[in-house]
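Indexing begins at 1, ligand by ligand and atom by atom, following the structure's order. Excluded from the calculations below are hydrogen atoms, water molecules and symmetry mates; all remaining heavy atoms, backbone and side chain alike, are included.
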Amino acid sequence: MPFKKDRHIETDILIIGGGTAGCMAAIIAGQRAPHLDVTVIEKANIMRSGCLAMGLNAVNAYLVDSNPENYLEYVKRDNYDVLRSDLVLSIGKRLNSMTQMLVKLGVPVPKDREDRFLARSPRSILMHGEQIKPLLAEAVISQGVHVYNRTPAYRLLFDRTGKRVSGVAAFDLRSMEFMTIKAKAVLITTGGASGIYRPSNPGLARTKTWYCPYNAGSGLAMGIRAGAEMTSFEMRFAALRTKDVIAPTGTLVLGTGMSQCNARNEKYIKKKEEMLGRPLTTCERLLFTIDEHKKGTGPCYVDVSSLDKKQYNDLVESYLNMAPSIIIDLLKDPDHPRTHIEICGSEPYINGGHGMAGFWIDKNRRTTLDGLYAAGDVAGGSPKKYITGCFAEAEMAVEDIIKTFCEIPEPEVPQKSVTLAMGEIFSPLYSDGDITFTEVEERLQKIMEEYAGGSTQNYETSRDKLVLARKYLLRLFYRAGDMKAAEPYELMRVQDTMDRILLGRVLVEHMLARCETRWPCYQTRLDFPMRNDLEFLAFINSKMEQDKIRVLKRNLQPPYTYMPIEGINNDSTN
Ligand SMILES: Cc1cc2nc3c(=O)[nH]c(=O)nc-3n(C[C@H](O)[C@H](O)[C@H](O)COP(=O)(O)OP(=O)(O)OC[C@H]3O[C@@H](n4cnc5c(N)ncnc54)[C@H](O)[C@@H]3O)c2cc1C
């Protein structure tokens, strides 16, 4: 199906991705600068897109009995000291005001008799968030923001100098129009990436993943192609979830106070905490679950046998706010109410909201590309930001855009780069190639799973496996140029698959560069099983230069100067 015609749009502020951060950015821009024209382009429909599509049942980052400094300390401890303290602290200062924004939008956040939010932990509160996304979307629309749904974007567009981001190239999935959107300021909020590793559910259930299956990491891929600096891709995120239905374990453990146990009903997490004399880090909860399997004492469970009827019903209600499918699973059990709920680790994801992989940004959420901002899961360096942290980053980016708006030059995009982008995006429609995106996707996921530490490999890898992954991914990258698309949906999937391969390649280079094990499971090198603070209390970053991925190392402290990086073959054919 050939494309129809091209369409040009011009706006003041362009937001790519109308999810959590994108919608909040649009609302704030609309409220604080009503004279500016704001446009959101979204791959799906902002009413139910991205991570919030199914709803949420908790605000994971809210300071109950805590302050921004304590929050920073907690994130630092949980992240083994590697993180951008400036970014995390700036988020910490806004977590509670962002929660008030949620309340103003009409999201029910329950309170106790003393008018305090109901705490799940010192840093999280309960929320009835099934309607959170429609409420955000309605607020965007009521601000008069222009929204283009079903319009996936795939290439950044630059001005005449080739240095300043001035817009984006996308296409309309319904009308098949090629769209160029020119803007004075561009904010990218396309989230992290799923589908790089083999999903734990096979066949038709393969989209039942922890991370939104349509977040293909295209914003990250657009940035990489354009030479933006990326950070910490090697710190993947894998979630501990209920088996098969992939509902949150936090709802069971934090929400009900129940504990994790192995197949012999031994409380292995509690035991470890007693042994170590401290709470476990998030990745250790996953690590010690995997260890039970390795010892032959798995599978693991959350023991909910001591919940009374009311507590069990509260649990069911909480799940109804974000993961209704587990209710069907719970109810079909003859042993109702269920006493043990099986848990397991998900496949790994690239994600800057729970983890810290993403664009390297400054305190105003500017990326290293002039004119381009990033916020939410697409922005790196600040793990554990969750929904309120994504909102906070959106607010900081918009504040900087508004503050500097009169200094921004008029956007211009040369026709040559529009034609080039159109050629790259639409070429699969005219391809004589012979492979489908599903075949390429399966191959990508197999390579990543088996050589780059997938869940079936206990998240472990080593140099020799990663070098093979590098070789196979490069071959796949060239072969994938033969993917063919017959209609708009297939075209989107082909582009997503190309983006995922690129992200897989960058991920492998980052994993090769970090010759230590810092975040067990998220990043485990069997050939370097220990933490090495002497060499790796630092950021591993990367940039694409002339089609090669160049790995960089940056100091942990401001101004984050570059450091020499040894043993990395940067000019190899990666
Ligand atoms: C299963 C799950 C449970 C969670 N539970 C909680 C919780 O209980 N509490 C909490 O505080 N946090 C929770 N989080 C974290 C929180 O939801 C995320 O950190 C946050 O929603 C991410 O926001 P975002 O804007 O970066 O990404 P998203 O909200 O995913 O938005 C990205 C948007 O970009 C769009 N997009 C993608 N590619 C393109 C493209 N090429 N062109 C145009 N648009 C594109 C997507 O369709 C999507 O709408 C959870 C996350 C997940 C995945």
**Prompt:** Who gets closest to atom 40 (C) of ligand 1 by heavy atom: Ala193, Ala53, Ala153?
**Reply:** Ala153

**Item:** Taking atom 37 (C) of ligand 1 as the reference point, the nearest protein heavy atom with its distance
**Value:** Thr190 O, 3.5 Å

**Prompt:** Is Glu42 in polar range of ligand 1, meaning some N or O pair under 3.5 Å apart?
**Reply:** yes

**Asked** If you measure every N/O of Tyr154 against every N/O of ligand 1, is any gap under 3.5 Å?
**Response** no

**Test log, rule salt bridge (Lys or Arg N to Asp or Glu O under 4.0 Å), inputs Glu490 and Lys484** = CA-CA 8 Å; Glu490 269 182 25; Lys484 196 176 167 57; over 6 Å; no

**Item:** Contact check, Cys390 vs ligand 1, heavy-atom distance below 4.0 Å
**Value:** yes

**Message:** Applying the side chain to side chain contact (heavy atoms under 4.5 Å, CB included) criterion to Ile132, which one of Leu52, Asn57, Asn321 satisfies it?
**Reply:** Leu52

**Asked** So is Lys43 polar-close to ligand 1, meaning N/O to N/O under 3.5 Å?
**Response** yes

**Asked** Which is it for Met54 and ligand 1 at heavy atoms under 4.0 Å: side chain, backbone, both or neither?
**Response** neither

**Prompt:** Relative to the heavy atoms of Asn60, which atoms of ligand 1 are at a distance of less than 4.0 Å?
**Reply:** 6 (C), 7 (C), 8 (O), 9 (N), 10 (C), 11 (O), 12 (N), 13 (C)

**Request:** Would you mind running through ligand 1 and noting each atom that sits below 4.0 Å from a heavy atom of Ala21?
**Result:** 25 (O)

**Fill in**
A student checking ligand 1 against Gly17 at a 4.0 Å heavy-atom cut-off should list atoms 34 (O), 35 (C), 44 (N)

**Asked** Between Phe233 and His510, what is the ring plane arrangement, given parallel below 30°, perpendicular above 60°, and tilted in between?
**Response** tilted

**Message:** Using a 4.0 Å heavy-atom cut-off, which part of Leu56 comes near ligand 1: side chain, backbone, both, or neither?
**Reply:** side chain

**Prompt:** Just by distance, do the side chain of Lys133 and the backbone of Gly55 share a donor-acceptor pair under 3.5 Å?
**Reply:** no

**Item:** Any N/O pair Thr151/ligand 1 closer than 3.5 Å
**Value:** no

**Asked** For atom 29 (O) of ligand 1, which protein heavy atom lies nearest, and how many Å away is it?
**Response** Thr20 OG1, 2.7 Å

**Message:** Students often mix this up, so state it plainly: with edges at 30° and 60°, are the rings of Phe117 and Tyr62 parallel, tilted or perpendicular?
**Reply:** perpendicular

**Request:** Check ligand 1 against His354 and write out every atom of the ligand that is under 4.0 Å from a heavy-atom position of the residue.
**Result:** 14 (N), 15 (C), 50 (C), 51 (C)

**Message:** Under the side chain to side chain contact (heavy atoms under 4.5 Å, CB included) test against His354, which residue among Trp210, Tyr522, Tyr349, Tyr211 passes?
**Reply:** Trp210

**Prompt:** Which ligand 1 atoms, with their elements, are less than 4.0 angstrom from a heavy-atom of Ala58?
**Reply:** 7 (C), 8 (O), 9 (N), 10 (C), 11 (O)

**Message:** Can you confirm whether more than 12 heavy atoms, excluding those of Lys104, are under 6.0 Å from its NZ atom?
**Reply:** no

**Item:** Nearest heavy atoms of Gln495 and Glu424, plus distance in Å
**Value:** NE2-O, 3.4 Å

**Request:** Mark up the atoms of ligand 1 that fall under 4.0 Å of a heavy atom belonging to Gly18, in ascending order.
**Result:** 49 (O)

**Request:** Do me a favour and list the nearest non-hydrogen protein atom to atom 11 (O) of ligand 1 with residue, atom name and distance?
**Result:** Ile387 CG2, 2.7 Å

**Atom indices of ligand 1 within 4.0 angstrom of Gly376 heavy atoms, with elements** = 26 (O)

**Message:** Counting only heavy atoms from other residues, nucleotides and ligands, does the tally under 6.0 Å from CG of Asp65 exceed 12?
**Reply:** no

**Prompt:** With a 4.0 Å cut-off on heavy atoms, is Met322 touching ligand 1?
**Reply:** yes

**Message:** Using every non-hydrogen atom in the two residues, find where Val413 and Ser166 come nearest and quote the distance to one decimal.
**Reply:** CG2-CB, 3.8 Å

**Prompt:** Only one of Ile91, Val59, Asn60 forms a side chain to side chain contact (heavy atoms under 4.5 Å, CB included) with Thr388, so which one is it?
**Reply:** Val59

**Request:** Examine Arg236 relative to Trp519 and say whether NZ or CZ is less than 6.0 Å from the centre of the six-membered ring and inside a 45° cone about the ring axis.
**Result:** no

**Message:** I need the atoms of ligand 1 closer than 4.0 Å to a non-hydrogen atom of Thr189, numbered in the order shown.
**Reply:** 31 (O), 32 (C), 33 (C), 34 (O)

**Item:** For Glu317 against His128, the heavy-atom pair lying closest together
**Value:** OE2-CE1, 3.4 Å

**Asked** Counting heavy atoms only, which part of Ser218 comes closer than 4.0 Å to ligand 1: side chain, backbone, both or neither?
**Response** side chain

**Request:** Return the option from Phe171, Trp210, Phe391 holding the heavy atom at the smallest distance from atom 51 (C) of ligand 1.
**Result:** Trp210

**Request:** Consider ligand 1: state whether an atom of it lies below 4.0 angstrom from any non-hydrogen atom of Met127.
**Result:** no

**Cation over ring face, Arg505 and Phe477, 6.0 Å, 45°** = yes

**Prompt:** Taking the minimum heavy-atom distance to atom 30 (O) of ligand 1, which of Pro152, Gly19, Cys51, Gly191 ranks first?
**Reply:** Cys51

**Request:** Give a yes/no verdict on a cation-pi contact between Arg123 and Tyr74, requiring under 6.0 Å between NZ or CZ and the six-membered ring centre and an angle within 45° of the axis.
**Result:** yes

**Which residue and heavy atom of the protein sit nearest atom 26 (O) of ligand 1, plus the separation** = Asp377 N, 2.7 Å

**Prompt:** N/O to N/O below 3.5 Å, does that happen between Ser49 and ligand 1?
**Reply:** yes

**Prompt:** Taking non-hydrogen atoms only, is Ile41 closer than 4.0 angstrom to ligand 1 via side chain, backbone, both or neither?
**Reply:** backbone

**Request:** Hey, can you tell me if Phe426 and Phe171 have their rings parallel, tilted or perpendicular (30° and 60° cut-offs)?
**Result:** tilted

